Amino acid sequence: MFHRFGAVPAALCLLLAASPADAAGPAVDSQIKDLHIAARDELPAPRDPQVLEDGHFCRMQVITPKTAAGRAVAARGWYVTSEVQRAGHTSVGAFSRGGEGTSGTCFIADGNIFVFRGQALAAIVYGDPPEDEYSGGLIGGVAETTLPDRVRITDRTPPDFAQADLRFGTDVIAVVPVAERETFCGRLEVPNLRGKDIPEVRKILAREGWRPAPPEAPEEEGYDAATGYRAEGMPEFETCSGTGYGFCAVNYGHADGARLHVTTVGDEPPTVSAYDVQCGPR
């Protein structure tokens with residue numbers, strides 16, 4: 001069974017204490033126990049930022065920002081991992097410290113989400129103080145969703161575990177559970193499969209009109225765990241990595257021609273970490 005590496009949330013508490021809340025800013029709320037959000041209009045600098053040498057696994061998480069908000073965060077001394085523009089806001093994932101793990105993993109220790117409304121900082125999402133800054137936290141960055149009012153908060157490890165959604169309302173920014181469903185291709189609703197094992201996923205998808213889509217030419221050279229899964233009656237397994245997180249590529253098809261590409265981690269049984277939909281012909 002795959003076990004989550006001792007993930008503990010990151011902390012920005014001391015930095016937040018030094019910045020007054022913007023009374024004219026949006027209301028903020030968090031429905032997630034270990035994640036917090038505070039309205040802020042002043043961008044803090046990181047305390048004691050780590051120098052990431054060439055070759056450090058966390059260096060691979062750093063991007064060159066393309067948005068004005070992302071460039072402002074980087075200019076303050078943060079390492080920017082991601083930036084998403086949605087519903088009039090720009091969400092920037094950033095960190096200043098992290099440790100190295102298996103298979104090129106960066107365990108981000110102090111990840112935060114800086115939320116801008118237009119050109120101005122509106123809020124910061126942060127986590128509880130970590131017990132060990134090198135064990136990793138829940139916040140690593142942000143990712144797009146198919147929903148018009150949400151971005152996803154993930155830890156940015158190779159499985160990229162989804163921790164929560166950041167939802168934008170008319171007058172509130174809220175940290176909420178990951179959406180139960182998303183619409184792909186403008187017409188196909190897919191329920192949230194993350195964290196569920198493949199036997200459960202097969203039942204859920206069957207009710208939604210998805211069926212296993214066996215690979216046309218599965219790789220048979222050498223041992224691949226996917227071969228064993230296919231022999232156990234799960235033909236949708238295409239291939240699996242033999243080391244590290246034990247990723248597997250798993251495929252399902254819909255009657256309208258769409259394909260659902262699922263990534264699993266671990267075994268006994270494999271658990272879904274991510275998925276995406278390839279739309280079929282209209």
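The analysis underlying the following values was restricted to heavy atoms, covering all of them including side chains, and did not include hydrogens, waters or symmetry mates. The model shown is predicted, which means the values in this text are computed figures rather than measured ones. The chain is numbered in sequence order, starting from 1.
- In terms of heavy atoms, L166 sits closest to S91 at CD2-OG, 3.7 Å.
- Contact of the L205 side chain with the L193 side chain is registered, since non-hydrogen atoms from C-beta on lie closer than 4.5 Å.
- The SG atom of C185 lies 7.0 Å from the CG atom of D256; values are rounded to the nearest 0.5 Å.
- To the nearest 0.5 angstrom, E236 atom CD is 11.0 Å from C248 atom SG.
- Counting heavy-atom neighbours within 6.0 Å of E144 CD, excluding the residue itself, gives a total of 12 or less.
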Could you go through the side-chain contact (heavy atoms from CB on, under 4.5 Å) check for D29 and Q31 one step at a time?
CA-CA 7 Å; D29 177 58; Q31 300 174 19; 3.7 Å; yes
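- Side-chain atoms of H36 and D128, non-hydrogen and from C-beta on, do get closer than 4.5 Å to each other.
- For the atom pair CD1 (I139) and CG (L35), the distance works out to 5.0 Å, reported to the nearest 0.5 Å.
- At distances below 3.5 Å, at least one donor-acceptor pair connects side-chain atoms of D155 with backbone N or O atoms of F161.
- The structure places CG of L188 at 9.5 Å from CG of L260, a figure rounded to the nearest 0.5 Å.
- When all heavy atoms are compared, the tightest approach of Q50 to G98 is OE1-N, 2.8 Å.
- A salt bridge is absent between R150 and E182; no separation between the charged side-chain nitrogens and carboxylate oxygens falls under 4.0 Å.
- Closest heavy-atom contact between Y126 and N112: CB-OD1, 3.4 Å.
- Taking hydrophobic clusters as Ile, Leu, Val, Met, Phe, Trp and Tyr residues chained together by side-chain heavy-atom distances below 4.5 Å, V178 does not share a cluster with I204.
- R230 places a side-chain N or O within donor-acceptor distance of the main-chain N or O of E238, the cut-off being under 3.5 Å.
- The minimum heavy-atom distance linking I173 with A123 is given by the pair CD1-CB, 4.4 Å.
- L147 is not connected to V172 by any chain of hydrophobic side-chain contacts under 4.5 Å among Ile, Leu, Val, Met, Phe, Trp and Tyr, and they are in different clusters.
- Two residues are said to be in side-chain contact when any heavy atoms from C-beta on lie closer than 4.5 Å; F237 and V262 fail this criterion.
- Looking at heavy atoms from C-beta onward, I124 lies in side-chain contact with P44 at the 4.5 angstrom threshold.
- No side-chain donor-acceptor contact under 3.5 Å links T90 to the backbone of F116.
- The backbone N or O of Q61 lies less than 3.5 Å from no partner atom in the side chain of T81, so there is not a single donor-acceptor pair.
- A donor-acceptor pair shorter than 3.5 Å can be found between the side chains of Y245 and T105.
- By the salt bridge (charged side-chain N to carboxylate O under 4.0 Å, His left out) test, D160 pairs with no residue at all, sequence neighbours left out.
- Side-chain atoms of D165 do not come within 3.5 Å of backbone N or O of R167 as any donor-acceptor pair.
- Under the 3.5 Å distance criterion, the side-chain polar atoms of E208 are left unmatched by any main-chain donor or acceptor of P191.
- Remark: the backbone N or O of A122 is not paired with any side-chain donor or acceptor of R40 at under 3.5 angstrom.
- A donor-acceptor distance shorter than 3.5 angstrom exists from the side chain of S241 to the backbone of F247, with no hydrogens or angles considered.
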Go through it in stages, so that I can follow the logic: the residues are Y229 and I198, the test is side-chain contact (heavy atoms from CB on, under 4.5 Å), and I'd like the CA-CA distance, side-chain angles, deciding distance and then a yes or no.
CA-CA 11 Å; Y229 292 129; I198 286 297; over 6 Å; no
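- By the side-chain contact (heavy atoms from CB on, under 4.5 Å) test, I63 pairs with V80, E83, sequence neighbours left out.
- Scanning both residues, I37 and S30, for their nearest heavy atoms gives CG2-N, 4.0 Å.
- In this structure, the side chain of R76 engages the main chain of L43 through a donor-acceptor pair within 3.5 Å.
- Side-chain contact check for Y79 and R97: no donor-acceptor pair (N or O, by modelled atom type) lies under 3.5 Å.
- Residues G77 and P49 approach most closely at O-CB, 4.5 Å, considering heavy atoms.
- A salt bridge is absent between R47 and D110; no separation between the charged side-chain nitrogens and carboxylate oxygens falls under 4.0 Å.
- In this view, P214 and P235 satisfy the side-chain contact (heavy atoms from CB on, under 4.5 Å) rule, not counting sequence neighbours.
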Determine whether V250 and V272 satisfy the following criterion, side-chain contact (heavy atoms from CB on, under 4.5 Å), listing intermediate values before the conclusion.
CA-CA 9 Å; V250 187; V272 174; over 6 Å; no
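- Remark: F184 CZ to D276 CG distance equals 7.5 Å, nearest 0.5 Å.
- Clustering ILVMFWY residues whenever any of their side-chain heavy atoms sit less than 4.5 angstrom apart, transitively, puts L52 in a cluster other than the one holding M60.
- Atom CD in Q163 sits 11.5 Å away from atom CZ in R152 (nearest 0.5 Å).
- Listed for the W210 side chain is no donor-acceptor partner under 3.5 Å among the backbone atoms of A258.
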